[in-house]
Amino acid sequence: METLEHRTVRLNGINMHVAEKGDGPVVLFLHGFPELWYTWRHQILAIADHGYHAIAPDLRGYGDTDAPPLATSYTCFHMVGDLLALIDSMGIEAVYLVATDWGAMIGWYLCMFRPDKVKAYVCMSVAYCPRSPKMKPVEALRAFFGEDYYICRFQDPGVMEEEIKSYGTRHVLKSILTETRPGPLRLPKSEPFGSKSPNTGPQLPPWLSEEDIDYNVKKFDQKGFTGPLNYYRALDLNWELTAAWTGTQIKVPVIYVVGNKDLVYTTPGAKTYIHGNGFKTDVPLLQQIVVLEGVGHFLNQEKPDKINDIILDFIRKF
């Protein structure tokens, strides 16, 4: 990891931290929640070794990137604006895009707004979610999954931050990163992240070390969770802002990769959309759907060698 380069770029009104390595065509990696550039540590090294410039930012609100306090600073336009400014700062026309979880959602917005900037898209975990004009997202999620659904629980400013604080960052990160229950993910108000009793915290899987947790804890303790949670708090605002894109198809070559134990994939309705006609209709250049057996939500960390091979095999075609 000491061979990676780190720098800060001033763009779109914020300072953005990026980790990078290599020379050649640019592969842009976007992390999810609650992660950092660090989730791509295995991919950055492997992709750079194959003749690419791998770059992974801390997205706004995370790690060593600035974290504006208000949810209104975390719309899809802010996210895509950050990425376009980053791409422009490198003096290039377009990138190969690799993204997971919330990063995948941002990736879909980038492909929707500026397909000219994406050569090909390796999307993990979160499939495209077309805008429904009938109901706002949070209202719909509350109706389908109830008040305890995690996105609903994240909505009120300050509430989830206090609950996380009561557990401690280490416990919460371990709880989320080791979650194996099928979706939908619910966080009951009584014990959203399990028991607080001593010695009852989650055990780490082989793919995640205490050193990995240490790095993430340090960064989240510095910034807190308000920035990351603001992405969820801007969901309804994104819905309002993207009314003009209702029915828009994604016209970028895509491969979709997911673990069969992913809580997003196992949430009711997901498989029907992904494997039915919906996904292919909305993303007509969808090349392939890859379901990895025995793999959960954090697939790029759980199966790094497999994911590296999938990325390289796909982007070499474009």
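Quick note: residue numbers are just sequence positions, from 1.
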Taking atom CG of L299 and atom OG1 of T39, what is their separation to the nearest 0.5 Å? 9.0 Å

Could you label the plane-to-plane angle of the H6 and H17 rings as parallel, tilted or perpendicular, counting under 30° as parallel and over 60° as perpendicular? parallel

If the threshold is 4.0 Å, N to carboxylate O, is there a salt bridge linking D156 and R233? no

For P69, is there any backbone N or O sitting under 3.5 Å from a side-chain donor or acceptor partner on N230? yes

Over 12 non-hydrogen atoms of neighbours within 6.0 angstrom of CD in Q249: yes

Looking at Q155 and I151, would you say the former's side chain and the latter's main chain have a donor-acceptor pair under 3.5 Å? yes

Can you check whether D212's main-chain N or O pairs, donor with acceptor, with S209's side chain at less than 3.5 Å? yes

Under a 4.5 Å side-chain heavy-atom rule over Ile, Leu, Val, Met, Phe, Trp and Tyr, are V217 and F33 clustered together? yes

State whether K174 and E210 are salt-bridged, where the test is any N-O pair (Lys NZ or Arg NE/NH1/NH2 against Asp/Glu carboxylate O) under 4.0 Å. yes

Before we go on, tell me: are the rings of H31 and F298 under 6.0 Å apart, centre to centre? no

Quick check: does any side chain N or O of R170 sit under 3.5 Å from a backbone N or O of L173, one acting as donor and the other as acceptor? no

Without swapping roles, check the side chain of E302 against the backbone of G296 for a donor-acceptor pair under 3.5 Å. yes

Please examine the side chains of K218 and Y215, heavy atoms only from C-beta on, and report whether any two atoms are closer than 4.5 Å. no

With respect to V27, which candidate in V95, I44, I315 satisfies the side chain to side chain contact (heavy atoms under 4.5 Å, CB included) definition? I315

Determine, for K189 against E162, whether the closest basic-nitrogen to carboxylate-oxygen distance falls under 4.0 angstrom. no

Applying a strict under-4.5 Å side-chain criterion to I, L, V, M, F, W and Y, I'd like to know whether L285 and W245 cluster together. no

To the nearest 0.5 Å, atom CG of L177 lies from atom CG of N216 at 6.5 Å

By ring-ring contact (aromatic ring centres under 6.0 Å, His included) - contacts of F225 (at least two apart): F220

Close side-chain approach of P304 to R41, heavy-atom, < 4.5 Å: no

With ring centroids as reference points, do Y231 and W102 lie under 6.0 angstrom apart? yes

Reported CG-to-CD1 distance for the pair L185 and I176, which is rounded to 0.5 angstrom: 8.0 Å

Other residues, nucleotides and ligands only: do more than 12 of their heavy atoms fall within 6.0 Å of NZ on K280? yes

Would you say Y265 and P182 make side-chain contact, with heavy atoms under 4.5 Å? no

Please output the side-chain donor-acceptor pairs of residues 119-133 that fall under 3.5 Å, not counting sequence neighbours, one pair per line with the distance.
residue	atom	partner	partner atom	Å
Y121	OH	A104	O	2.8
S125	OG	D262	OD2	2.7
S125	OG	H297	ND1	3.0
Y128	OH	T248	O	3.4
R131	NE	W239	O	2.8
R131	NH1	T246	OG1	2.8
R131	NH2	W239	O	3.1
S132	OG	K134	N	3.4

Just do the ring pair (Phe, Tyr, Trp, His ring centres under 6.0 Å) check on Y109 and F77 with the steps written out, would you? CA-CA 8 Å; Y109 282 126; F77 292 151; 8.2 Å; no

Start with the C-alpha distance between R153 and R186, add both sets of side-chain angles, then the distance that settles side chain to side chain contact (heavy atoms under 4.5 Å, CB included), and finish with yes or no. CA-CA 9 Å; R153 293 273 280 113; R186 293 186 169 90; over 6 Å; no

My understanding is that only residues two or more places apart in sequence, or in another chain, count here; which of them pass ring-ring contact (aromatic ring centres under 6.0 Å, His included) with F144? none

Looking at T242 and N238, would you say the former's side chain and the latter's main chain have a donor-acceptor pair under 3.5 Å? yes

Output yes when K165 and E163 qualify as a salt bridge under the 4.0 Å nitrogen-oxygen rule, no when they do not. no

Pair L11-D88, side chain to side chain contact (heavy atoms under 4.5 Å, CB included): steps then yes or no: CA-CA 10 Å; L11 47 78; D88 288 345; over 6 Å; no

Answer yes or no on whether K223 is positioned over the face of Y62, meaning its NZ or CZ is under 6.0 Å from the six-membered ring centre and within 45° of the axis. no

Have N15 and T8 got a donor and an acceptor in their side chains that come within less than 3.5 Å? no

Kindly indicate whether the side chain of Y150, heavy atoms from C-beta on, has any atom under 4.5 Å from the side chain of P192. no

For Q203 and T178, which I'm curious about, is there any donor-acceptor pair between the side chains at under 3.5 Å? no

Determine, stepwise, if the pair H42 / N300 fulfils side chain to side chain contact (heavy atoms under 4.5 Å, CB included). CA-CA 8 Å; H42 307 297; N300 57 299; over 6 Å; no

Using the rule that Ile, Leu, Val, Met, Phe, Trp and Tyr join whenever any side-chain heavy atoms are under 4.5 Å apart, tell me whether L237 and M105 fall into a single cluster. yes

Should we say atom NZ of K303 is surrounded by more than 12 heavy atoms from elsewhere, each under 6.0 Å from it? no

Is the shortest side-chain heavy-atom distance between I106 and L83 below 4.5 Å? yes

Counting only heavy atoms from other residues, nucleotides and ligands, does the tally under 6.0 Å from CZ of R316 exceed 12? yes

If hydrophobic clusters are built from ILVMFWY residues whose side chains come within less than 4.5 Å, do L204 and W207 share one? yes

Counting only N and O atoms by type, is there a donor-acceptor contact under 3.5 Å from the side chain of D236 to the main-chain atoms of V138? yes

When hydrophobic residues are tied together by side-chain contacts of less than 4.5 Å, even through go-betweens, does L70 share a cluster with M79? no

Indicate yes or no: does R60 engage D82 in a salt bridge with an N to O separation below 4.0 Å. yes

Could you tabulate the donor-acceptor pairs under 3.5 Å formed by side-chain atoms of residues 48-56, not counting sequence neighbours?
residue	atom	partner	partner atom	Å
H50	ND1	A46	O	2.9
H53	NE2	E20	OE1	2.7

So, Y96 side chain and I311 main chain: donor-acceptor pair closer than 3.5 Å or not? no

Is the centre of the Y74 ring less than 6.0 Å from the centre of the Y232 ring? no

Taking the side chain as every heavy atom from C-beta outward, state whether I213 and L208 have any pair of such atoms under 4.5 Å apart. yes

Give a yes or no on whether a salt bridge exists between R142 and E147, defined as a side-chain N under 4.0 angstrom from a carboxylate O. yes

Please confirm whether the backbone N or O of D58 pairs with a side-chain atom of T65, one donor and one acceptor, at under 3.5 Å? yes

4.5 Å side-chain heavy-atom contact, P57 and L28: yes

Counting only heavy atoms not in N277 (residues, nucleotides, ligands), do more than 12 fall under 6.0 Å from its CG? no

Determine, stepwise, if the pair I255 / I310 fulfils side chain to side chain contact (heavy atoms under 4.5 Å, CB included). CA-CA 9 Å; I255 184 173; I310 290 173; 3.9 Å; yes

Under the rule for ring-ring contact (aromatic ring centres under 6.0 Å, His included), what residues qualify as partners of F279, not counting sequence neighbours? Y256, Y273

Y149: partners by ring-ring contact (aromatic ring centres under 6.0 Å, His included), with sequence neighbours left out: F145

Should the heavy atoms of other residues, nucleotides or ligands under 6.0 Å from NZ of K219 be counted, would the total exceed 12? yes

